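After the structure tokens below, expect a handful of questions from me.
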Number of protein chains: 2
Amino acid sequence: MARKTGSHSEITGPRVRAAALALFARHGFAAVSMRQIAAEVGVQAGALYLYTPDKQTLLFDLMRTHMDDVLTAWAATPKAPTPRARLDCFARFHIRFHLDRPEAVFVSYMELRNLDAANFATIEGLRRTYETELEAILQEGKASGAFSLSDTKLATLAFIAMLTGPTNWFREGGRLSRAEIEDIYAQMVLNAAGA
Amino acid sequence: MARKTGSHSEITGPRVRAAALALFARHGFAAVSMRQIAAEVGVQAGALYLYTPDKQTLLFDLMRTHMDDVLTAWAATPKAPTPRARLDCFARFHIRFHLDRPEAVFVSYMELRNLDAANFATIEGLRRTYETELEAILQEGKASGAFSLSDTKLATLAFIAMLTGPTNWFREGGRLSRAEIEDIYAQMVLNAAGA
DNA sequence: GTCTATACGATGATAGAC
DNA sequence: GTCTATCATCGTATAGAC
């Protein structure tokens, strides 16, 4: 198939998103200028508008992609047999997945307030879909007597907040490995659920 | 005592900080201009510089005040007799205190990256001091056998992340009261600690 | 203590050359 | 597909009148 001479769009597009993600994570959406992103990619500011209609949409696309990735990866995870095993599996999945993309996690959580109303509603919906996956596990476990939980909605929010924490402080080569963190957090979640 | 005619500094200073806190919480530090803060207070932008040397210091003062307030309030809380009672007490204190000032909590957590190096170090030190209060409780409980915890440092971070969560979603008049949320979270923390 | 006026650089986004 | 040039606006911060 013929390729246009001098066209770099297939590579520049992803590089724009990668640079924006890294800069937004480090300095915050509002503090990063289109010129900074362009400089990081090695193009002029005007060229960015070949890849995004505006700065807001660039942020939204990063966040939607992240949420889609989480949901897709979780959907591809085999369903464990018991509520207890499913909760253990969810906790480990969440930590592992989020530890691998700290920048996307950070941006998706911190920059919600910089989305306009329509974009916010979309991201919020995806986030709720993910939370509902965990809440379903907790409800099953509560119903079967496997968990001792007074409020599955609150437990859902509490567990996700807890499990997302390591994303903010984990450093490769630190005191604990990913696997150790995964073990410790999974155990704390099972305990908190009264399993 | 004589008062200067036309002087409002005793009232305008706090109003500047209150407006800045509200706007920073809603839109983010970088997204808020000094002109917006001034408009909220009802003065011109230039007048703000009578109350703060610059925007960065305004943010820092808000955060330092918040951290000082947390530490002071916790220090004034009576020390419960057992590790289990102390953990219960800490969990309830943390939720109650943070639920009463969601804007300060939000800003103090989200805007850390907008502090310059020296200011960041100061706030970070205060935050660690607070975390150490919780970790000491967990260590005592682990040593006495009251808690079953594999890593007190991780548990400290996990519990604080969990207990701060309600600040982000609690609304007066919602499904659950403050007291109910306090009860449920305290119970989950005690469970997670293996108490 | 607050105002008006202003310095001066940076911002997001667009137009048109190549 | 990318560049240069440009627009109108807004950013923080300061100076000096009152």
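No experiment lies behind these values; they were computed from the predicted model shown. Labels below follow one simple rule: chain letters A, B, ... track the order of the sequence lines, proteins then strands, and each chain is numbered from 1.
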Ignoring backbone atoms, test whether A:Thr12 places a side-chain nitrogen or oxygen under 4.0 Å from the OP1 or OP2 oxygen of D:dT2. yes

Atom-to-atom span, NZ of A:Lys55 to P of D:dT9 - whole angstrom: 19 Å

Can you say whether the rings of A:His66 and A:His98 are parallel (under 30°), tilted (30 to 60°) or perpendicular (over 60°)?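 Judged by the thresholds at 30° and 60°, the geometry between A:His66 and A:His98 is perpendicular.
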
Whole angstroms only, please: what is the CG-P distance between B:Leu48 and C:dC3? 9 Å

Do NZ/NE/NH1/NH2 and the carboxylate oxygens of B:Arg128 and B:Glu131 come within less than 4.0 Å?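 No, this pair does not count.
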
Specify the separation, in whole Å, of atom CG of A:Leu50 and atom P of C:dG16. 16 Å

Tell me whether A:Arg84 at atom CZ has more than 12 heavy atoms from other residues, nucleotides or ligands lying less than 6.0 Å away.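 Atom CZ in A:Arg84 is not crowded, with 12 or fewer foreign heavy atoms closer than 6.0 Å.
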
Rounded off to whole Å, could you give me the CG-to-P distance for the A:Asn114 and C:dG12 pair?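 Spelled out: CG on A:Asn114 to P on C:dG12 is 12 Å.
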
Once you round it to whole Å, what is the distance between P of C:dT11 and CD of A:Gln44? 14 Å

Among side-chain atoms of A:Tyr109 and A:Asn168, is any donor-acceptor pair under 3.5 angstrom? no

Name the orientation class of the two ring planes belonging to B:Trp74 and B:Phe90 (parallel below 30°, tilted from 30 to 60°, perpendicular beyond 60°).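 Rings of B:Trp74 and B:Phe90: perpendicular, over 60°.
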
Grab the CD-C1' distance between B:Gln56 and D:dA13 for me, whole Å please.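 Taking atom C1' of D:dA13 as the reference, CD of B:Gln56 is at 15 Å.
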
Is there a donor-acceptor pair closer than 3.5 Å between any side-chain N or O of A:Arg113 and the backbone N or O of B:Ala25?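 Here the side-chain-to-backbone pair exists.
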
Positions of residues 25-36 of chain B (non-hydrogen atom under 4.0 Å from DNA chain C), listed by number: none

Length of the OH-C1' vector between A:Tyr51 and D:dG1, whole Å: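 Result: 6 Å.
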
